[in-house]
Colleague: 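Could you have a look at this structure, given as structure tokens, before my questions?
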Amino acid sequence: MRRIAPAFEALSRSGSGAYVPYICAGDPDTDFTLELAKRLCNAGADILELGLPFSDPVADGPVIQEAMARSLSAGFKVAHVFETISSLRRAGIRQPIVVMTYFNPVHKFGIAEFCGRLASSGGDGILVVDLPIEESEDLERSADRNDLDIIRLVTPTTDDRRLRSILAKASGFVYIVSVAGVTGAREGFDGGVSGLVGRVTELSKLPTAVGFGISNPEQVRRALATGASGIVEGSALISSYSSLLGDRDQALRAVERHSKSMKDAASALKA
Amino acid sequence: MTRAGYFGEFGGFFVPEILVAALKELEREYERQSRNPEFHADLDRLLGSYAGRPTPLYCASRLTDRIGGARIYLKREDLAHTGSHKINNALGQALLAKRMGKRRVIAETGAGQHGVATATACALLGLECEVYMGEVDIERQRLNCYRMDLLGAKVVPVKTGTRTLKDAINEAMRDYAATSDHTHYLIGSVVGPHPYPTMVRDFQSVIGIEARRQILADAGRLPDALVACVGGGSNSIGLFHPFVNDVDVAMHGVEAGGKGIETGMHSASIVGGTDGVLHGTRTRLLQDGDGQVSGTHSIAAGLDYPAVGPEHAFLNSSGRATYHAVGDDEALAAFHLLSETEGIIPALESAHAVAYAATLAEKLPREAVVIVNLSGRGDKDVSQVAELEGRT
């Protein structure tokens, strides 16, 4: 069952942008992740991106690096990500869930086995940050067999020829990287990304979500003004709770406040 | 090679999309320049008049007598400018960066030798230079940090992860993702995504090309064996590659056995690792059952890396080269042995190769010839060794 395309279709009918929060599984433990995911979905997350931590996250800035380190040092295992997704489904969470990770944990687990477990636990898609189209044939085969979408990143430095090749292998939605660099909150918003959103929508019917550096409602509005179908945020969301982990209720309330403001900005836009 | 950047099943191009355009540009430009006689003339001129090439191939008679077996030759990369083989690649890539119109160069360094070589090449060519170095390595290689500083480079301390070479590479890759329009990432070993393993090998092959010519002139024949230490594997691939088709020449790579493979405190990714993907390449990797990269240990900062160049992983699986682990204590003993018998203080990295060569030479007849790559000099390690041995 594919949940991602229908989710975007429904948003498009209601004229809102998609709010896609990223959280790091197991940060600081799986209980917190489960509670956090439920609150985010109740606060209006349209799709959930669940990060599977890796020891050497070269595409991530300090906030997500630290979240991954907290998770791994607490003993997070790859198999826990599937258990987390199953628990969320049992708890009635219906939003599409995309696992975002790096290649080595997937490679070590076994690509076919990983995709099988992801699908059977109730996951909908996979995004492997360091697996470009040149290297992703095995993943494509396994994802296809398990009816999983493969989310692809495109960046401001991706030329048209490559963009076409990437889009031909993308499904679910296209993740538009808004800046050259790694994940992490940034001030302002690079309007140059609208050119990239335009190029993608010209070449593909897939919905688009802008991410990397989106941290406040103003940036959400500006990102959606480029014509994108949604936004992804990770570092700002994690920062909204990471310093409050001593009091988990307070941490969760802080995330909810933050996420509601982001969701409101995303829904208001196309109205 | 079936696909670009592959050595058998190893190698490849496992990078975030944000790096793809820069790496493709690098691949194109490197291919273009490697066919350009003018580029080679520039590089050869610098390697000769600036870096001091060719380095000597020295017959270590006193060491040979002490061991009492095969004749041991040392390829004296320690005599190259900046004190190690790293200058060969640093000059090559810095010239390339210049031709690509980049104004800034970044690098990672473990022992500091590659950092110093890069800082040197950048000073020479007028390029801005920043070197990422793990805090643990800064602590044990203070002298090299100061050398980089003198050369006008900025040393950026890396506080993440294990705070060693692996994490310095992570930080450099993050920098490159944001700056590749004006910055070249000058990787110091035969690791990383395509085209680095091939390009760095080509720049380091000067070691083996010279050694082959020199041994034919001196001994009148090819050696029986080559021995070199392997961290990422640049000095070893540089020595090995020009001999790959000489099937009677055995090739021995020596990894850091640290405190012993069974203790888990080592950096021997071929001897003690499994198939994995790190820093853009599929290779042998030290990792746990979940694919998380393990912490490593070696007395030699320059070998303290959990992966290895993909071409070594291939030479190992094809059986063309064999790989061994030498521990901290054996390397230290060899550090003293070479200093005392030959008046040459080797880098702790190279001391691993000397240690294995001694064991190998002992088993071979006197007519046999072994070449050891003495990849660097040991000045940088003197204070660390003095401290370890309680002499400070």
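Numbers restart at 1 for each chain; the letters A, B, ... are given by sequence-line order, proteins then strands.
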Colleague: Under 3.5 Å, is there a donor-acceptor pair between the Thr281(B) and Thr283(B) side chains?
Modeller: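 Distance-only check fails for Thr281(B) and Thr283(B).
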Colleague: Identify, with sequence neighbours excluded, every residue that meets side chain to side chain donor-acceptor pair (under 3.5 Å) alongside His266(B).
Modeller: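 Here no residue qualifies.
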Colleague: State plainly whether the residues Asp190(A) and Arg222(A) are in salt-bridge range, i.e. N to O under 4.0 Å.
Modeller: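 Judged by the 4.0 Å cut-off on N to carboxylate O distance, Asp190(A) and Arg222(A) do not form a salt bridge.
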Colleague: Is Leu278(B) in contact with chain A via its backbone, its side chain, both, or neither, using a 4.5 Å heavy-atom distance?
Modeller: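 Contact with chain A: side chain only.
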Colleague: With sequence neighbours left out, what residues match Ala69(A) under side chain to side chain contact (heavy atoms under 4.5 Å, CB included)?
Modeller: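 Ala69(A) satisfies side chain to side chain contact (heavy atoms under 4.5 Å, CB included) with no other residue.
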Colleague: Verify whether the ring centers belonging to Phe114(A) and Phe82(A) lie closer than 6.0 Å.
Modeller: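 Yes: the rings meet the under 6.0 Å criterion.
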Colleague: Are Glu29(B) and Arg32(B) close enough for a salt bridge, meaning some N to O gap below 4.0 Å?
Modeller: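 Between Arg32(B) and Glu29(B) there is a salt bridge, with a charged N closer than 4.0 Å to a carboxylate O.
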Colleague: Once you measure the plane-to-plane angle for His279(B) and Tyr305(B), does it fall in the parallel (<30°), tilted (30-60°) or perpendicular (>60°) bin?
Modeller: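 The rings of His279(B) and Tyr305(B) lie parallel, inter-plane angle below 30°.
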Colleague: Checking heavy atoms, do the side chain of Val179(A), its backbone, both or neither come under 4.5 Å from chain B?
Modeller: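 Answer is backbone: N, CA, C or O of Val179(A) sit under 4.5 Å from chain B.
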Colleague: Return the option, out of Gly276(B), Ser294(B), Ala22(B), with the maximum number of heavy-atom pairs under 4.5 Å with chain A.
Modeller: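 Among the listed options, the one with the most contacts to chain A is Gly276(B).
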Colleague: Side chain from CB out, backbone as N, CA, C, O: work out which of these in Pro57(A) comes under 4.5 Å of a heavy atom of chain B, or both, or neither.
Modeller: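 Looking at Pro57(A), backbone and side chain both touch chain B.
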Colleague: Checking Thr263(B) side chain against Gly260(B) main chain: does a donor-acceptor pair fall under 3.5 Å?
Modeller: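 Confirmed, Thr263(B) side chain pairs with Gly260(B) backbone.
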Colleague: Under 4.5 Å from any heavy atom of chain B, what part of Phe76(A) do you find: side chain, backbone, both or neither?
Modeller: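 It is the backbone, since no side chain atom gets that close.
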Colleague: Checking Val293(B) against chain A: side chain, backbone, both or neither under 4.5 Å from a heavy atom?
Modeller: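 Both backbone and side chain.
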Colleague: Could you tell me which portion of Thr158(A) (side chain, backbone, both or neither) has an atom closer than 4.5 angstrom to a non-hydrogen atom of chain B?
Modeller: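 Just the side chain, heavy atoms under 4.5 Å.
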Colleague: Mind checking whether Phe314(B) and Tyr6(B) have ring centres under 6.0 Å apart?
Modeller: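 Ring centres of Tyr6(B) and Phe314(B) not closer than 6.0 Å.
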Colleague: What part of Leu285(B) lies closer than 4.5 angstrom to a heavy atom of chain A: side chain, backbone, both or neither?
Modeller: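 Side chain only.
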Colleague: Quick one: which residues of residues 22-29 of chain A reach chain B at under 4.5 angstrom, heavy atoms only?
Modeller: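 None at all.
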Colleague: Before accepting this row, confirm whether a basic side-chain N of the pair Asp56(A)/Lys166(B) lies closer than 4.0 Å to the acidic partner's carboxylate O.
Modeller: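 Looking at Lys166(B) together with Asp56(A), the answer is yes, because their closest N to O distance falls below 4.0 Å.
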Colleague: Checking an interface table here. Which of residues 130-138 of chain A come within a heavy-atom distance under 4.5 Å of chain B?
Modeller: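 Checking residues 130-138 of chain A against chain B gives Asp130(A), Leu131(A), Pro132(A), Glu134(A), Glu135(A).
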Colleague: For the pair Phe103(A) and His107(A), name the ring-plane relationship: parallel under 30°, tilted 30 to 60°, perpendicular over 60°.
Modeller: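 Taking His107(A) first and then Phe103(A), their aromatic rings sit tilted (interplane angle of 30° to 60°).
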Colleague: Quick one: what part of Asp159(A) sits under 4.5 Å from any heavy atom of chain B, side chain, backbone, both or neither?
Modeller: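 No part of Asp159(A) comes within 4.5 Å of chain B.
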Colleague: Which answer fits Thr162(B), side chain, backbone, both or neither, if we ask what part of it has an atom under 4.5 Å from a heavy atom of chain A?
Modeller: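 Contact with chain A: none, neither part.
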Colleague: Before accepting this row, confirm whether a basic side-chain N of the pair Lys102(B)/Glu25(B) lies closer than 4.0 Å to the acidic partner's carboxylate O.
Modeller: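 Between Glu25(B) and Lys102(B) there is a salt bridge, with a charged N closer than 4.0 Å to a carboxylate O.
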Colleague: So which of Asp290(B), Thr160(B), Asn170(B) has the biggest tally of heavy-atom pairs under 4.5 Å with chain A?
Modeller: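 Top option by heavy-atom pairs under 4.5 Å: Asp290(B).
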Colleague: Is the number of heavy atoms from other residues, nucleotides or ligands within 6.0 Å of CD (Glu187(A)) greater than 12?
Modeller: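 Counting other residues, nucleotides and ligands, CD of Glu187(A) stays at 12 neighbours or fewer.
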Colleague: Closer than 4.0 angstrom, basic N to acidic O: yes or no for Arg282(B) and Asp275(B)?
Modeller: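 Yes.
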Colleague: Under 3.5 Å, is there a donor-acceptor pair linking the side chains of Tyr185(B) and Glu108(B)?
Modeller: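 Yes, side-chain donor-acceptor contact under 3.5 Å.
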Colleague: Examine whether an atom of Arg162(A) lies under 4.5 Å from a heavy atom of chain B, and if so say whether it belongs to the side chain, the backbone or both; otherwise answer neither.
Modeller: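 The side chain, not the backbone.
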